[in-house]
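Below: one structure, written as structure tokens.
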Amino acid sequence: MDSTAIASLASLWDEVSGTQPDPDLWVVIATLAAAVAVVVPHGLWRVSRNAITIAHEGGHGLVALLTGRTLTGIRLHSDTSGLTVSRGKPHGIGMILTAAAGYTAPPLLGLGGASLLGSGRITLLLWLATALLLAMLVMIRNAYGALTMLVTGGLFVLVSWLAGPQVQAAFAYAVVWFLLIGGVRPAFELQAKRARGGAGDSDADQLSRLTHVPAGLWFFLFHAVSLCSLIGGGRWLLEM
């Protein structure tokens, strides 16, 4: 590799890993309000929840790979449900961590994103998110899922490459707020559905069978992770 290419790569890395100025406080508050507006109303949530499903299934897939399982495919459905299939031992720590990763992934991703934004690394956040979305796209195994990933990934690419610094900052803060706030609701929805006799094979039920720990304690874990992530991430985002 010649010196020009090395210099170009070094310059790109400096641009990506460097810090950017924090947005004005009103931008942070406005993006918080926007995230609340697409999570709380039921009609908008039915659409925006697709993005939480991406993070949920991506969490299953990533942890499956990290624990040595073979990821065979991910499906995203129009009713905002999803399915991640991996091969490996049907029991043990790898399977337990993979099953636990779904409901904890969106809030933890939001917490990680808040940490990056709190340190001024807006560009790095956008590039990491884009890379994860493109990697996940390779594993999608149905048409609706592929379309959802292309739209979501395309939006991140457009903002990362074409938008100005102010738009990038507003977009990044909106995404992180959405993950933090939107990551709280699914576990409560699942718990309510189980109380009505549905969702008998939920992540909490699978974890209960794998660990012999009651499903209610797994719901407690899901709620604790999402609420603690929201509180901690929110503090980072609001510290100006």
Side-chain angles (χ1 to χ4, degrees), residues 22-23 25 27-41 44-45 48-67 80 82 84 96-122 124-133 136 152 156 169-193 202-204 206-207 213 215-240:
D22 292 330
L25 180 59
V27 174
V28 179
I29 300 300
T31 53
L32 167 59
V36 171
V38 298
V39 170
V40 175
L44 289 176
W45 174 242
S48 64
R49 197 183 192 280
N50 283 282
I52 295 296
T53 303
I54 291 174
H56 179 114
E57 300 303 331
H60 282 314
L62 178 60
V63 173
L65 291 173
L66 292 176
T67 56
T80 72
T84 298
I96 293 169
L97 292 176
T98 299
Y103 282 93
T104 56
L108 289 177
L109 286 171
L111 183 63
S115 175
L116 288 175
L117 293 181
S119 61
R121 288 176 169 79
I122 296 170
L124 181 59
L125 168 67
L126 294 174
W127 280 53
L128 284 175
T130 302
L132 288 173
L133 288 168
M136 185 174 171
T152 306
F156 272 84
F171 180 77
Y173 272 78
V175 167
V176 171
W177 276 125
F178 174 73
L179 288 171
L180 290 171
I181 298 170
V184 173
R185 184 167 176 173
F188 283 102
E189 290 181 330
L190 176 62
Q191 200 165 14
K193 189 174 182 179
S202 69
D203 290 358
Q206 293 180 38
L207 286 163
V213 173
L217 290 180
W218 287 106
F219 276 111
F220 176 80
L221 173 67
F222 297 159
H223 294 320
V225 170
S226 62
L227 292 171
C228 290
S229 295
L230 175 58
I231 294 170
R235 289 186 62 183
W236 276 330
L237 295 177
L238 291 170
E239 288 178 354
M240 305 297 294

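Bear in mind the structure is a predicted one, so any value in this text is a computation, not a measurement. Values reported hereafter were calculated over all heavy atoms of this structure, with side chains retained and with hydrogens, waters and symmetry mates removed.
Rounded to the nearest 0.5 angstrom, Glu239 CD and Leu117 CG are separated by 12.5 Å. Interatomic distance, Thr130 OG1 to Phe156 CZ, rounded to the nearest 0.5 Å: 6.5 Å. Summarising the geometry, atom CG belonging to Leu126 is positioned 10.0 Å from atom CG belonging to Leu116; distances are rounded to the nearest 0.5 Å. The NE2 atom of His56 sits 7.0 Å away from atom OG1 of Thr84, with the distance rounded to the nearest 0.5 Å. The CG atom of Leu133 sits 6.5 Å away from the CD1 atom of Ile54 when rounded to the nearest 0.5 Å. Interatomic distance, CH2 of Trp236 versus CD1 of Ile231, reported as 13.0 Å (0.5 Å rounding).
Side-chain contact between Ile122 and Trp127 is absent, with no heavy atoms from C-beta onward closer than 4.5 Å. Taking 4.5 Å as the limit, some side-chain heavy atom of Leu237 sits within range of a side-chain heavy atom of Tyr173. Side-chain contact between Ile29 and Leu238 is present, with heavy atoms from C-beta onward closer than 4.5 Å.
By the side chain to side chain contact (heavy atoms under 4.5 Å, CB included) test, Leu97 is found to be paired with Val63, Thr67, Ile93, residues two or more places apart in sequence or in another chain being considered. Annotation: side chain to side chain donor-acceptor pair (under 3.5 Å) contacts of Arg235 (sequence neighbours excluded): none. Remark: Thr80 engages Arg49, Asn50, Thr53 in a side chain to side chain contact (heavy atoms under 4.5 Å, CB included) (not counting sequence neighbours).
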(Q) Quick one, Trp177 with Val38, criterion side chain to side chain contact (heavy atoms under 4.5 Å, CB included). Give me CA distance, side-chain angles, the key distance, then yes/no. (A) CA-CA 11 Å; Trp177 276 125; Val38 298; over 6 Å; no

Which pairs would a plain distance check flag for residues 178-187, meaning a side-chain donor or acceptor within less than 3.5 Å of a matching protein atom at least two apart in sequence or in another chain?
from	atom 1	to	atom 2	distance (Å)
Arg185	NE	Glu189	OE2	2.9
Arg185	NH1	Val39	O	2.5
Arg185	NH1	Val40	O	3.1

Throw together a table of side-chain donor-acceptor distances under 3.5 angstrom for residues 98-114, partners on residues two or more places apart or in other chains.
from	atom 1	to	atom 2	distance (Å)
Thr98	OG1	Gly94	O	2.8
Thr104	OG1	Ala100	O	2.8
Thr104	OG1	Ala101	O	3.3

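Among pairs with a residue in residues 216-228, those fulfilling side chain to side chain donor-acceptor pair (under 3.5 Å) read Gln191-His223, Thr211-Trp218, at least two apart in sequence or across chains.
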